[in-house]
Amino acid sequence: MARTSRTCPTSPPVPARNKARRRRIAPALLVLSLVAVPVAHAQEKCDDLRALTNADGRNFAGVSFGIARKPYRLTIRAGKDSSLPTPENCDFSADGDRVDLSCHWQGGDPSAMAAMYDAMFSRFSACLTGIQPYSGPSNYGGATAKRRSTSTIKVPGGETEVDLVLIEAAGTDSYASYQYITLSITHEVMEKD
């Protein structure tokens with residue numbers, strides 16, 4: 001039995017140029033749909049850093065604090081999933097016009113600390129506008145800042161200074177030299193004009 005093709009007698013034939021346009025638009029729409037998912041996913045990955053620096057304008061609404069045990073220490077969580085490694089310790093203070101947050105990480109060997117710093121720096125650079133490239137070794141209050149990025153970013157309602165530093169403390173007779181990372185975030189409320 002031979003196959004026959006049926007068309008709707010009331011629908012007009014599609015002009016050849018419309019078929020060509022659909023053939024060109026379909027791949028473009030496919031590419032856009034594939035790009036939109038990673039962009040949305042990347043933005044979601046930045047929610048924690050945007051909350052931590054108030055770049056989202058929600059006045060630190062996504063930031064929560066807790067107390068970890070063994071050893072006791074203040075922990076900070078931003079958003080549902082924090083992409084930052086768990087800090088060894090954090091300090092927090094606030095008054096009417098200013099919020100200060102400082103955390104530090106102390107880890108293993110220098111290459112592991114450098115890799116952790118690079119990963120943190122990459123996340124801040126990808127998620128926040130205005131993060132400055134880090135500079136090389138400099139004096140840091142009796143220690144050496146191996147890498148340091150200090151940036152002031154404009155955020156809704158004020159500005160936030162982000163200071164990310166990889167520090168090497170010199171050894172003494174009592175202890176060997178070691179490296180640690182500090183992250184200091186200072187948000188200052190600015191008066192509206």
Side-chain angles (χ1 to χ4, degrees), residues 42 44-56 60-95 97-155 158-188:
E44 187 177 288
K45 292 276 190 185
C46 292
D47 287 348
D48 58 343
L49 297 182
R50 294 178 53 75
L52 199 59
T53 59
N54 197 40
D56 61 3
F60 302 97
V63 179
S64 61
F65 299 90
I67 296 179
R69 297 174 191 188
K70 298 181 185 172
Y72 282 102
R73 64 189 187 281
L74 178 68
T75 60
I76 296 172
R77 186 167 186 85
K80 290 184 270 182
D81 300 310
S82 183
S83 60
L84 294 175
T86 303
E88 181 151 331
N89 193 15
C90 292
D91 295 311
F92 173 80
S93 65
D95 62 27
D97 296 336
R98 184 180 169 124
V99 173
D100 290 302
L101 170 68
S102 177
C103 295
H104 79 269
W105 293 261
Q106 190 169 335
D109 64 273
S111 62
M113 293 306 294
M116 183 187 292
Y117 179 93
D118 291 343
M120 292 171 69
F121 177 78
S122 293
R123 292 266 307 128
F124 275 95
S125 297
C127 293
L128 301 172
T129 304
I131 296 297
Q132 298 299 310
Y134 61 76
S135 58
S138 63
N139 186 20
Y140 190 81
T144 302
K146 299 298 245 179
R147 298 177 183 161
R148 184 176 191 178
S149 170
T150 302
S151 308
T152 301
I153 56 175
K154 299 290 182 193
V155 297
E159 62 184 23
T160 299
E161 183 177 283
V162 178
D163 189 25
L164 182 62
V165 190
L166 172 62
I167 302 165
E168 182 173 81
T172 66
D173 293 338
S174 305
Y175 60 89
S177 65
Y178 62 96
Q179 291 188 350
Y180 61 100
I181 297 170
T182 64
L183 170 64
S184 300
I185 296 173
T186 302
H187 173 74
E188 292 194 44

For the atom pair [atom1] ([X]) and [atom2] ([Y]), what is the distance rounded to the nearest 0.5 Å?
X: M113; Y: M116; atom1: CE; atom2: CE; answer: 5.0 Å
X: F121; Y: R148; atom1: CZ; atom2: CZ; answer: 13.5 Å
X: Y134; Y: T150; atom1: OH; atom2: OG1; answer: 14.0 Å
X: S151; Y: I131; atom1: OG; atom2: CD1; answer: 4.0 Å
X: Q106; Y: N89; atom1: CD; atom2: CG; answer: 10.5 Å
X: L128; Y: C46; atom1: CG; atom2: SG; answer: 7.0 Å

Checking Y140 side chain against L166 main chain: does a donor-acceptor pair fall under 3.5 Å?
-> no
Do D163 and T182 touch side chain to side chain, with heavy atoms closer than 4.5 Å?
->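 Side-chain contact under 4.5 Å: no.
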Is the shortest heavy-atom distance from the side chain of M120 to the side chain of W105 under 4.5 Å?
->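 SC-SC contact between M120 and W105 confirmed.
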Which pair of heavy atoms, one from [X] and one from [Y], lies closest together, and at what distance?
X: A143; Y: A169; value: CB-CA, 4.2 Å
X: T53; Y: I185; value: CG2-CD1, 4.0 Å
X: S102; Y: S184; value: OG-OG, 3.7 Å
X: F92; Y: A94; value: CZ-CB, 3.9 Å

